[in-house]
Every structure is written in structure tokens, then in C-alpha cells.
2 protein chains.
Amino acid sequence: MEYNQKQLSILEAAEKLFASHGFHATSVRDIAHEADVNIAMISYYFGSKEKLIEAIFLKRIFAWKLTLTEMLHNSARSYVERFDSLVETYVTRVMGNPCFNLMMIRAQIQEDIGVNDLIHENKKEVHEVIKAFINEGQESGVFNKDLDILMMVNTLVGTTNHIMSTRHHFQRLSNLEHLSDNELQEYLISHTSNHLKNLFKAILIHEA
Amino acid sequence: MEYNQKQLSILEAAEKLFASHGFHATSVRDIAHEADVNIAMISYYFGSKEKLIEAIFLKRIFAWKLTLTEMLHNSARSYVERFDSLVETYVTRVMGNPCFNLMMIRAQIQEDIGVNDLIHENKKEVHEVIKAFINEGQESGVFNKDLDILMMVNTLVGTTNHIMSTRHHFQRLSNLEHLSDNELQEYLISHTSNHLKNLFKAILIHEA
DNA sequence: TTGATTTAATTAAATGTTTGTTTAACTTTG
DNA sequence: CAAAGTTAAACAAACATTTAATTAAATCAA
């Protein structure tokens, strides 16, 4: 799990190219060229194109699970604070790593890329953690009963991913074409997380 | 725009394969085999693999724009009824045509497939129609002011697409593995559209 | 520290498939 | 009998991966 500079160049280049052109449309030649290494280095270090994409996923998924669990178990903060922080952290993470998250979306859609089982296993664990947190908040009387937690998670993930993956359509539709990529990213983080927090608060803590 | 049986077989096979394996991972040989036609027929009828995918998009997009406009302009129904019908019709359409919608999602993510401009143009028109409808509802006092319509549309589209494209993950997480594909589809249509209607109603017609 | 020897890193070239598209011959149809 | 439909075979280009040769780095006894 420890990579040298050349391996990191390959991982970064692959993530970028897989994200914008897709796994199958990206040749190992393209990756080697983008990373400025010889073609054979990819087989030498990672074995194959398939194993390369697996390495990318394993690295990121592990880190996210850790962040999430620590955040929701932080009992120093109120349930509402922790929920807001969940939304904001998730949105920030997706908007901040568009390349990786586009890869992830594509891998879930595609049935033939080997990492699908890995992703499902991770989804399940993440869902359990969030469900446990919200149930705890319900028992302590902060959150409403009768919440469809799975649907809420799907709204969080679906909305955020959709806005991220079509952000340039969004930019044009909002007349924000004067913004730089970084400015757009900041804008999307604040607007998306505020929108979602409002939406969820309406069913989480207000009466029906 | 009028296709014979052989052309329809090709279109259907291509839609299915592009959806599950992606554009680049699907060879014209695969399509020819799935459609049970000779390889050369694809070039003969559609010119190229690129023009084949364009034909698929043009056919579907035109039909959806027509349905939507007619529905929202039907002044015999109340604003709330028309809004509910918008949500329900959209969800039904996405869940009912997973192949095509997976293709659409992928095309938006991928920058190199030629249909991206076509999709953006369509998105813009659809957004204008929905915006005009909601503004009308606001002026007649049915809907709240200060709505971020673009964010709402992104939540509708993002949530629905996400649930559709990860429906088998969803099925496992909900312990619904005993359902057939058709039963699952029915379940997803009703649950997703009810969830979204509730969510939107909380910010559309209830006070802040 | 030196020099011998092994290991790891790197390369250009070659390998054998698979790709999208075309061709030229053949059959069916109006 | 010409036009449209259909086919198997052929095409060059691009593909992922391997090979064999070369260089750099590491190891270690003297």
C-alpha cells in the first residue's frame, strides 16, 4: 500500500483518464504518456490494467470509511451538528475529487469492471454506520420517527453525484461561465450542501 | 426516422450493450451478434458506430420533450397535481427504460462521446419548461417563493438516476432479493416517487 | 572504501489479438 | 433486370501485454 513517485504518477494519470474517457476508452499507452513513464512500467508495477483500477479504488474507499465513522461517533457534537457535518463533508469530498468519483459512478453502472463487489460491500458498511447514527438520534428524540433512511442516503448521494458529474451543464444553466474551476467548486459545495441540509431538515426535525 | 425490423433490432441490441458494458467496450461484432445480423449491416444502415448511438438518442429525447410539455401545459389539472405527475412520470420513465437512461448518464459523464451537446441542449429546454411552470404556480400563490428550481430539478434527476443505476445494490440493502425484476421496478417507482413528492412538498407548499 | 555480484528499474521492440470499416461477390425483391 | 439487401472475407490500425537487453541501485565480503 506504499507507492513510490513513479507509481503515484501512474495512479494519478489513470484516475484522470479513466474519469474523463472511461476505462475501456483509455489505453495503457495513454496512461503511460500522461504519467510520462514507459508503457511496460504499468504491467511491471500493477500487473495489468484491471489490477491498476482496483488499486485506485482500494486506496480511496478505505480513507473515506475512516473519516465517516470518526465524524459520526464524535459525541462532543449534537446530532444536528453531526448530521450537517455529514452532508457537508460528503459534498465537499465528492466535489473536491471529481476524477475519482466519476470513476466510481461509472464502475457502479458498468457490470463488467471487477470492482463492483468491492463498492457494494463498502456501500453496505457506510449505510449501516449512517443508519445507526440516525436511529440513535431518533431514540434520543432529536430526529422524527418514520424516516426512510435508505432513501435519504440515496438522495444525498444521487443529488451530489449528479450535480458534480454534470457541473459544466449546471454552470451554463446558472450563467456562471465567468467562474474559474475552483470558484465553481466552492460555489457548488456551499449551494449543494445548503440545499440538501434544508431539504433533509424539513423531514428530519419538523413535524409532518 | 422510420426504421425497419432489422434496424430496430440493431438499435435495441446496441442500447442494451452500450448500457451494460459502455460504448467503447461494446464492439460492432457484439451488437451484430446480439441483434442476429451480419456485421456489415451496421455500417450499411447507420454508417458508423458513432452515428448509431446518435440515432438512439435522437429517437428517445424527442419523445420525452413532447410528453413533458403536454403534461405541464394541461391547465385542467391543479398545480400540485401537475407537479406530482411530473415527478411520477419522470420516475416511471427512468425506471422503465434502464438501458437508455444508463447510456444517457454515461454520455453525460464521458466527454468524448459526440452526443453531449445534444443532451445539454435538451436539458436546457426541459429546465425552461419546468421553470416556467413553477413560476406560474408561484405567481398564482400555490407554491412558495424563494425556490431554487435548478437545485430541485437536480435532486429529482440525481436521486432517480442514482437509485435506478444502483437498483441491485438497493435491492440487496432492502432485503428485497425475492422480488423479480418487474416487481422491483414497481416497488422502486412507487417508493422513489412518494419519497420525492414528500421531500418537495415540504419546501414547495409548507411554510419555512 | 573498494570492487564484485545480485536485485530492481527501465527501455525499445515484438507479439498476437481485437478493433471498426470496406470490399466484392451473392441473393432477394419490386 | 436494376436496386436493395446480405454475406464472408479481408483490411489496416490500435490494443494489452511480454520479451530480452540495458542501466541504476543495493548488498556485502574483503
Side-chain angles (χ1 to χ4, degrees), chain A residues 1-59 99 103 106-107 110-116, chain B residues 1-58 99 103 106-107 110-116 118:
Chain A
M1 266 290 238
E2 304 242 320
Y3 298 114
N4 63 38
Q5 194 49 56
K6 210 151 227 175
Q7 287 171 307
L8 288 172
S9 299
I10 294 171
L11 287 169
E12 192 189 337
E15 202 172 280
K16 178 181 164 188
L17 294 176
F18 286 159
S20 50
H21 309 119
F23 180 74
H24 294 285
T26 302
S27 69
V28 291
R29 280 171 183 77
D30 296 337
I31 298 171
H33 184 258
E34 176 79 26
D36 200 30
V37 301
N38 187 275
I39 317 167
M41 297 310 294
I42 291 165
S43 294
Y44 178 73
Y45 278 130
F46 296 96
S48 70
K49 202 178 153 186
E50 287 278 351
K51 285 186 191 155
L52 173 59
I53 201 175
E54 274 181 41
I56 296 174
F57 274 95
L58 277 170
K59 193 169 143 242
C99 286
M103 267 188 60
R106 217 192 310 267
Q110 221 117 331
E111 286 152 8
D112 51 3
I113 301 180
V115 292
N116 219 312
Chain B
M1 269 286 242
E2 305 243 319
Y3 298 114
N4 63 37
Q5 194 49 55
K6 207 151 231 173
Q7 287 171 306
L8 289 172
S9 298
I10 294 171
L11 287 168
E12 192 189 338
E15 202 172 281
K16 178 180 164 189
L17 295 176
F18 286 159
S20 51
H21 311 309
F23 180 75
H24 294 284
T26 303
S27 69
V28 291
R29 280 170 182 77
D30 295 338
I31 298 171
H33 184 258
E34 177 79 26
D36 200 30
V37 301
N38 186 276
I39 317 166
M41 297 311 294
I42 291 166
S43 295
Y44 179 73
Y45 277 128
F46 296 97
S48 69
K49 201 181 159 187
E50 287 278 351
K51 284 186 191 153
L52 173 58
I53 201 175
E54 273 180 43
I56 296 173
F57 274 95
L58 277 170
C99 287
M103 267 187 58
R106 219 193 309 267
Q110 221 116 334
E111 286 152 8
D112 52 1
I113 301 179
V115 292
N116 219 313
L118 183 71

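Atoms considered below: every heavy atom in the structure, side chains included; atoms not considered: hydrogens, waters and symmetry mates.
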What pairs with [X] under side-chain contact (heavy atoms from CB on, under 4.5 Å), at least two apart in sequence or on another chain?
X	answer
A/Lys6	A/Asn4, A/Val37, A/Tyr45
A/Leu52	A/Ile10, A/Leu11, A/Ala14, A/Ile31, A/Ile42, A/Phe46
A/Ser48	A/Glu50, A/Lys51

Please state how far atom CE in A/Met41 lies from atom C1' in D/dT17, giving the value in whole angstrom units.
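That distance rounds to 15 Å.
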
B/Ile42 CD1 - D/dA8 P separation (whole Å)
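In whole Å, D/dA8 P lies 14 Å from B/Ile42 CD1.
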
With sequence neighbours left out, what residues match A/Ser27 under side chain to side chain donor-acceptor pair (under 3.5 Å)?
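For A/Ser27, the residues satisfying side chain to side chain donor-acceptor pair (under 3.5 Å) (neighbours in sequence not counted) are A/Asp30.
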
Give me the atom names and distance for the closest heavy-atom approach of B/Ile53 to B/Met103.
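Looks like CG1-CE, 3.4 Å.
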
Sequence neighbours left out, what pairs pass salt bridge (Lys or Arg N to Asp or Glu O under 4.0 Å) with at least one residue falling in residues 18-29 of chain B?
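Of all non-adjacent pairs touching residues 18-29 of chain B, none passes salt bridge (Lys or Arg N to Asp or Glu O under 4.0 Å).
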
Contact class for A/Ser27 (heavy atom, under 4.0 Å): base, sugar-phosphate, or nothing?
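Sugar-phosphate: the residue A/Ser27, judged by heavy atoms under 4.0 Å, touches backbone atoms but no base.
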
Please classify the nucleic acid contact of B/Phe46 as base, sugar-phosphate, or nothing, using heavy-atom distances under 4.0 Å.
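Nothing: the residue B/Phe46, judged by heavy atoms under 4.0 Å, touches no strand.
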
Name the first nucleotide and the last nucleotide along DNA chain C (5' to 3') that come under 4.0 Å of a heavy atom in chain A.
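Under 4.0 Å from chain A, the extent on DNA chain C is C/dA8 to C/dA12.
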
Show me the pairs that pass side chain to side chain donor-acceptor pair (under 3.5 Å) and involve residues 32-41 of chain A, at least two apart or across chains.
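Qualifying pairs: A/Lys16-A/Glu34.
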
List in numerical order all residues of residues 4-18 of chain A for which some heavy atom is under 4.0 Å away from an atom belonging to DNA chain C.
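Contacts with DNA chain C under 4.0 Å: A/Lys6.
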
Nucleic acid contacts - residues 28-38 of chain A versus DNA chain C, non-hydrogen atoms under 4.0 Å
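Residues of residues 28-38 of chain A under 4.0 Å from DNA chain C: A/Asn38.
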
